[in-house]
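The first residue of the sequence shown is numbered 1, and numbering continues consecutively from there. Whatever order the structure lists them in is the order used to number ligands and atoms, beginning at 1.
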Amino acid sequence: MKFLFVTLFPEQIEQAASHSILQRAASKGLIKVSCINPRDFTHDVHRTVDDSPFGGGAGMVLKPEPMVAAIRKAKEQLPNARVIAMCPGGRTLKQSIVEEYAHSGQDFIFVCGHYEGFDERIFYWVDEKLSIGDYVLTGGEMPAIIVMDAISRFIPGVLGKIESAEEDSFRTGLLEYPQYTRPVNFEGMEVPEVLRSGNHALINSWRLKQSLKATLALRPDLLSAEQKELLTGRLPYKMK
Ligand SMILES: CC(C)(C)c1cccc(C(=O)NCC2(NC(=O)c3cccc4nocc34)CCCCC2)c1
């Protein structure tokens, strides 16, 4: 799977893909990460990529020419890729979207914003807008890296043999149960006895109960109505 980033800061992308699982995936040829810098499509001595906004206002807007020239070049290199502009107004990323992307068999061109954002005409060249969530950021590079990370986990061979993203323990859609490893006693805090019992039926039910308890307490929105009812004996709405 190929990931092509249209970005003014290629080193930020290259750095993110040069560690751990993504680095190994790249060296195994499972993913290919590359960048196209709009600054390479400027023709003035200052290599200008941004300019003041029409209508006034603080900050600078990304000029359309360098961005669109870079996107065109990207589409030349990856004609069938999905062109995704990372921006606050996009649909919010969630695991179901990651799975949709991972199973689409497509390559990806991520267009990353900076300064005050894109000239609106750039979006003519974009298939869709995507956001990683509602907080103010300095650029679209880290969001694009997050999307690449999440998609890459689904590519066969990227994760160790132990677990693939499909059977992931995260696949329950619940929060993780508490995890422990050696030592048994750390500064007076002991590992729960059940986890050392060797009784895997008991361990699995303990883990499921812990996941449900944690999810109910911290992220009830992840629970289905039935799961909530099972846990609390109360339905979030009055049954007729
Ligand atoms: C209501 C809300 C979301 C708080 C909001 C409202 C208005 C502006 C922003 C904001 O952050 N503007 C800056 C900007 N952000 C992003 O690119 C960005 C932000 C969040 C999730 C993202 N996912 O991908 C890209 C994302 C980076 C610089 C270029 C202009 C965009 C945020």
Side-chain angles (χ1 to χ4, degrees), residues 1-19 21-22 31 33-42 46-75 78 81-102 104 106-154 165 170 219 221-222:
M1 186 173 285
K2 298 188 180 80
F3 298 105
L4 207 166
F5 295 77
V6 173
T7 172
L8 293 169
F9 304 97
E11 62 283 351
Q12 189 176 1
I13 305 297
E14 283 143 16
Q15 190 277 336
S18 62
H19 300 285
I21 291 173
L22 291 181
I31 63 172
V33 179
S34 57
C35 298
I36 293 182
N37 189 336
R39 207 174 285 283
D40 296 340
F41 298 85
T42 56
H46 300 294
R47 307 187 74 205
T48 311
V49 290
D50 60 330
D51 200 346
S52 311
F54 275 116
M60 304 288 270
V61 173
L62 287 169
K63 290 173 63 59
E65 303 96 323
M67 292 300 293
V68 169
I71 295 171
R72 274 201 183 99
K73 178 83 177 162
K75 289 171 82 88
L78 295 178
R82 195 185 281 226
V83 183
I84 301 174
M86 300 308 301
C87 40
R91 68 171 170 160
T92 303
L93 185 70
K94 54 186 192 298
Q95 193 67 2
S96 57
I97 295 175
V98 174
E99 290 191 42
E100 173 202 322
Y101 287 162
S104 72
Q106 287 184 285
D107 293 320
F108 294 89
I109 294 168
F110 293 116
V111 186
C112 306
H114 222 82
Y115 312 116
E116 291 310 305
F118 303 104
D119 179 292
E120 190 64 16
R121 292 164 288 187
I122 291 166
F123 292 118
Y124 174 82
W125 292 89
V126 161
D127 295 324
E128 65 182 282
K129 299 177 183 177
L130 185 67
S131 168
I132 61 160
D134 292 342
Y135 11 78
V136 183
L137 300 175
T138 59
E141 281 75 15
M142 281 179 274
I145 290 162
I146 284 168
V147 181
M148 168 175 65
D149 184 282
I151 295 172
S152 296
R153 296 180 75 260
F154 282 87
F170 310 126
R219 288 294 308 274
D221 57 297
L222 295 177

Open item on the list: Any atom of ligand 1 sitting under 4.0 Å from a heavy atom of F118?
Closed with: no
Open item on the list: Show the atoms of ligand 1 that are less than 4.0 angstrom away from any heavy atom in M86.
Closed with: 24 (O), 25 (C)
Open item on the list: Parallel, tilted or perpendicular, judged at 30° and 60°: which one describes the rings of F5 and F110?
Closed with: tilted
TODO: Kindly say whether F108 contributes a backbone atom to a donor-acceptor pair with the side chain of R82 at under 3.5 angstrom?
DONE: no
Open item on the list: For atom 21 (C) of ligand 1, what's the nearest protein heavy-atom neighbour? Residue, atom name and distance, please.
Closed with: G133 O, 3.1 Å
TODO: Please write down residue, atom name and distance for the protein heavy atom closest to atom 28 (C) of ligand 1.
DONE: Y115 O, 3.4 Å
TODO: Specify the protein heavy atom at minimum distance from atom 24 (O) of ligand 1: its residue, its atom name, and the distance to 0.1 Å.
DONE: P143 CB, 3.3 Å
Open item on the list: Within the 4.0 Å heavy-atom shell around G117, which atoms of ligand 1 are there?
Closed with: 29 (C), 30 (C)
- [ ] Nearest 0.5 Å please: distance from the CD1 atom of I97 over to the OG1 atom of T92.
- [x] 7.5 Å
Open item on the list: For atom 5 (C) of ligand 1, what's the nearest protein heavy-atom neighbour? Residue, atom name and distance, please.
Closed with: P88 CB, 3.9 Å
Task: Distance from atom 23 (N) of ligand 1 to nearest protein heavy atom, with residue and atom - done: I132 N, 3.0 Å
- [ ] Heavy-atom distances under 4.0 Å are what count here, so tell me which part of C112 touches ligand 1: side chain, backbone, both or neither.
- [x] neither
TODO: Kindly confirm or rule out an N or O of L137 lying under 3.5 angstrom from an N or O of ligand 1.
DONE: yes
- [ ] Please name the pair of heavy atoms, one in E116 and one in A58, separated by the smallest distance, quoted to 0.1 Å.
- [x] CG-O, 3.7 Å
Task: Taking atom 20 (C) of ligand 1 as the reference point, the nearest protein heavy atom with its distance - done: Y135 O, 3.1 Å
TODO: Look up atom OG in S96 and atom OH in Y101, then write down how far apart they are to the nearest 0.5 Å.
DONE: 10.0 Å
Open item on the list: As an exercise, state the distance from CZ of R121 to NZ of K63, rounded to the nearest 0.5 Å.
Closed with: 9.0 Å
Open item on the list: Any heavy atom of L130 closer to ligand 1 than 4.0 angstrom?
Closed with: yes
Task: Where S152 and F3 come nearest, the two heavy atoms and their spacing - done: OG-CE1, 3.5 Å
Task: Per-atom contacts of ligand 1 with H114, taking only distances under 4.0 Å to non-hydrogen atoms - done: 28 (C), 29 (C)
Task: Audit row: K73, D40, salt bridge (charged side-chain N to carboxylate O under 4.0 Å, His left out) steps and yes/no - done: CA-CA 11 Å; K73 178 83 177 162; D40 296 340; over 6 Å; no
TODO: Give the numbers and elements of all ligand 1 atoms closer than 4.0 Å to a heavy atom of G113.
DONE: 29 (C)
Task: salt_bridge(R91, E100) N-O dist < 4.0 Å - done: yes
